[in-house]
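Data block below; observations after.
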Amino acid sequence: MKLGIDFGTTRTIVALVDRGNYPVVTFIDHRGDAVDHVPSVVARVGDELVFGFDALKAADEGSALVRSFKRQLASGSVVAGSVVDIDGVRVTLLDLVTGFLATLAEALRSSSNVSRILADGEVLQAVVAVPAHAHSAQRFLTLEGFRGAGFEVVGMLNEPSAAGFEFTHRQPRSVNRKRTRVVVYDLGGGTFDASLVRVDDLSHEVVSSIGINRLGGDDFDEALVGLALDAAGGAGDLPDRDLATLRDQCRAAKESLAPQTKRMALDVATTPVLVAVDDFYRATAPLVDASLAALEPLLGGLDADQLEAAEVAGIYLVGGASGLPLVARVLRERFGRRVHRSPHPAASTAIGLAIAADAASGFDLTDRLSRGFGVFRELDSGAGLSFDVLLDRDQRVSPDADVVVTRRYKAAHNVGVFRFVEHSALGVAGEPTGDVVPLGEVRVPFAHSLRDGRDLAGVEVHRTDDGPLMEERYTIDRHGIITVRITDLGDGWSQEDSLGR
Ligand SMILES: Nc1ncnc2c1ncn2[C@@H]1O[C@H](COP(=O)(O)OP(=O)(O)OP(=O)(O)O)[C@@H](O)[C@H]1O
Ligand SMILES: [Mg+2]
């Protein structure tokens with residue numbers, strides 16, 4: 001069975017490849033209702049962690065519900081072995097993600113509308129996604145989590161690129177020779193991503209993409225919680241449980257907002273309060289503005305009229321949080337009629353992933369690295385650092401093939417000390433800025449006499465004359481994970497390091 005799986009911050013959504021159709025899989029929830037997602041949540045029962053609907057059930061029975069754990073993967077300091085605390089249970093991030101995805105696999109096999117057609121032991125082949133600007137460790141964790149949960153991962157795409165597939169599949173005629181570009185605006189539960197995609201028939205090329213790691217529906221919920229607490233005269237010493245209940249109420253109230261809704265009724269513990277929708281929109285307008293500001297590098301200062309000239313067929317709103325009426329309103333004020341809202345904002349990515357999983361669809365993609373990659377090199381005996389950009393954020397990458405970049409130089413030191421980082425932006429002096437994620441330090445023995453396996457951490461770095469001719473070879477694999485091989489071209493000695501594990 002071939003699937004597209006969108007592991008989201010709030011909800012995980014699965015679409016099926018079914019003879020040219022890509023229906024969203026429905027699951028039976030803990031109350032026996034059919035729903036189109038598995039909630040990305042975890043709770044503790046005794047010493048064990050339970051996930052998805054089991055976690056909702058546990059929460060009904062008094063456990064604390066932990067939401068949005070996917071956000072922790074985006075943190076710059078994570079590796080697969082990073083330990084997180086879930087209501088008192090310490091677990092590695094990899095085990096946490098694997099545990100959740102194993103629950104998803106089990107739900108597909110036993111309590112979904114595809115259970116019946118899944119043969120015993122049939123392999124679940126999946127194309128999965130990560131936020132466009134996900135760093136190497138985040139990609140690696142996601143991939144390993146799916147594999148550990150028993151999926152065969154046949155591809156990994158950037159989330160907005162997948163949503164771009166869904167748009168052109170749904171509206172093949174809106175993209176034509178005069179309007180070849182689509183902007184995908186994906187406001188999810190925890191992240192905002194946007195991509196400018198150039199479309200030529202079934203070929204899709206991501207021209208550029210941007211993202212904000214920590215902007216999503218969760219932030220709108222928090223704003224509403226704040227307004228409700230203000231209306232009740234402050235948080236006082238509101239117990240955590242009541243705060244969690246309030247947060248759930250706020251999410252539900254936000255999700256059911258219609259364009260004509262005037263106010264929202266909420267309960268802060270036992271105190272009923274009313275929050276005016278205008279106040280909520282005023283408090284959250286800066287969040288929408290932040291997403292618009294992030295679009296600037298993709299669209300320049302284009303307004304509605306200029307979109308036509310720039311061959312933009314549309315701005316496609318996907319992601320559950322773009323269901324908020326305020327979002328479409330603000331975008332239409334700026335860009336006019338070219339703003340389209342997906343009929344299934346939360347499922348667009350999963351459907352696009354299923355299209356990618358379907359070889360018969362003929363869709364094809366060239367993507368971008370979407371984050372810069374570079375290295376700090378230690379100069380003379382640690383006296384200074386220089387920064388080299390190795391891969392630009394606009395570096396073309398492919399979900400079907402590895403991309404290799406090499407550079408050669410004559411070594412000028414006895415030991416090479418490389419501190420690799422991924423970064424979202426470059427500063428005026430060419431230094432990495434924005435989200436900067438360290439990928440670890442690699443030491444390389446340039447001097448032949450040091451190649452005996454010794455620990456190079458204790459070796460003093462000094463300049464040498466006439467060092468060997470070296471080659472650095474950077475490979476970005478199909479999943480966007482980077483490895484480096486450093487080779488002495490004189491004698492063939494080499495060393496390989498996977499970064500970000
Ligand atoms: N009708 C609606 N109006 C407003 N917000 C909504 C609506 N429906 C869902 N949401 C919000 O959308 C968010 C979830 O969106 P989505 O399912 O696209 O995110 P995700 O894929 O889980 O997260 P991410 O893509 O950030 O990892 C939640 O904050 C949810 O409250
Ligand atoms: Mg999403």
Side-chain angles (χ1 to χ4, degrees), residues 4-15 24 27 35-42 52 67-75 97 100-101 104 128-134 138-139 141-142 145 156-166 184-195 209 211-225 247-261 264 277 280-281 284 287-288 291 294 316-331 341-353:
I5 304 182
D6 178 18
F7 163 41
T9 308
T10 324
R11 292 174 182 155
T12 293
I13 299 184
V14 182
V24 175
F27 297 89
V35 294
D36 61 0
H37 66 273
V38 171
S40 308
V41 293
V42 49
R67 297 181 182 276
S68 303
F69 62 86
K70 179 185 168 190
R71 272 193 164 186
Q72 308 216 21
L73 270 56
S75 148
V97 172
F100 170 71
L101 295 172
L104 177 72
V128 305
V130 283
H133 50 286
Q138 196 173 347
R139 289 167 191 270
L141 260 161
T142 306
M156 187 154 96
L157 263 56
N158 292 331
E159 289 167 10
S161 308
F165 275 14
E166 191 262 340
V184 176
Y185 173 105
D186 180 1
L187 189 59
T191 47
F192 171 68
D193 274 313
S195 289
S209 68
I212 304 179
N213 242 334
R214 295 185 151 268
L215 176 66
D218 289 357
D219 301 298
F220 291 77
D221 302 343
E222 272 327 298
L224 188 51
V225 167
R247 199 171 282 127
D248 288 346
Q249 271 187 47
C250 286
R251 178 180 306 105
K254 173 199 72 175
E255 290 180 5
S256 52
L257 271 181
Q260 66 279 12
T261 314
M264 291 173 275
V277 173
F280 175 56
Y281 284 172
T284 52
L287 300 173
V288 185
S291 74
Y316 193 44
L317 307 191
V318 303
S322 68
L324 193 71
L326 173 73
V327 174
R329 191 208 291 166
V330 171
L331 272 106
R341 189 145 53 154
S342 167
H344 307 293
S348 178
T349 300
I351 296 168
L353 293 170

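Counting starts at 1 for both ligands and their atoms, following the listed order. Throughout, residue positions are numbered sequentially from 1 according to the sequence presented.
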Can you name the atoms of ligand 1, numbered from 1 with element, that are less than 4.0 Å from a heavy atom of Arg11? 9 (C), 22 (O)
Supply the atom-to-atom distance Ile212 CD1 to Leu187 CG, rounded to the nearest 0.5 angstrom. 9.0 Å
Exercise: identify the closest heavy-atom pair between Thr349 and Ala163: OG1-CB, 4.2 Å
For ligand 1, is there an N or O atom under 3.5 Å from any N or O atom of Leu187? no
Any salt bridge between Asp219 and Arg71, counting N to O under 4.0 Å? yes
Could you grab the distance from atom CZ of Phe7 to atom CD of Glu159, nearest 0.5 Å is fine? 9.5 Å
What atoms of ligand 1 come closer than 4.0 angstrom to any heavy atom of Thr191? 24 (P), 25 (O), 26 (O), 27 (O)
Of the backbone atoms (N, CA, C, O) and the side-chain heavy atoms from C-beta on, which set of Glu255 has a member under 4.0 Å from an atom of ligand 1: side chain, backbone, both, or neither? both
Contact check: Pro345 vs ligand 1, nitrogen or oxygen atoms, below 3.5 angstrom: no
Taking non-hydrogen atoms only, is Glu159 closer than 4.0 angstrom to ligand 1 via side chain, backbone, both or neither? side chain
Quick check: Gly190 and ligand 1, any N/O pair under 3.5 Å apart? yes
Quick one: which ligand 1 atoms are inside 4.0 Å of a heavy atom on Gly319? 18 (O)
Under a 4.5 Å cut-off applied to non-hydrogen side-chain atoms, are Phe220 and Leu287 in contact? yes
Atoms of ligand 1 less than 4.0 Å from Arg251 heavy atoms? 31 (O)
List every atom of ligand 1 that sits less than 4.0 Å from any heavy atom of Thr9, numbering the atoms from 1 in the order shown and giving each element. 20 (P), 22 (O), 23 (O), 24 (P), 26 (O), 27 (O)
State whether Arg247 and Asp221 are salt-bridged, where the test is any N-O pair (Lys NZ or Arg NE/NH1/NH2 against Asp/Glu carboxylate O) under 4.0 Å. no
Just verifying a value: how many Å separate Thr12 OG1 and Asp6 CG, rounded to the nearest 0.5 Å? 7.0 Å
Please determine if Gly189 has a nitrogen or oxygen closer than 3.5 Å to a nitrogen or oxygen of ligand 1. yes
Is any side-chain heavy atom of Phe280 less than 4.5 Å from a side-chain heavy atom of Thr261? no
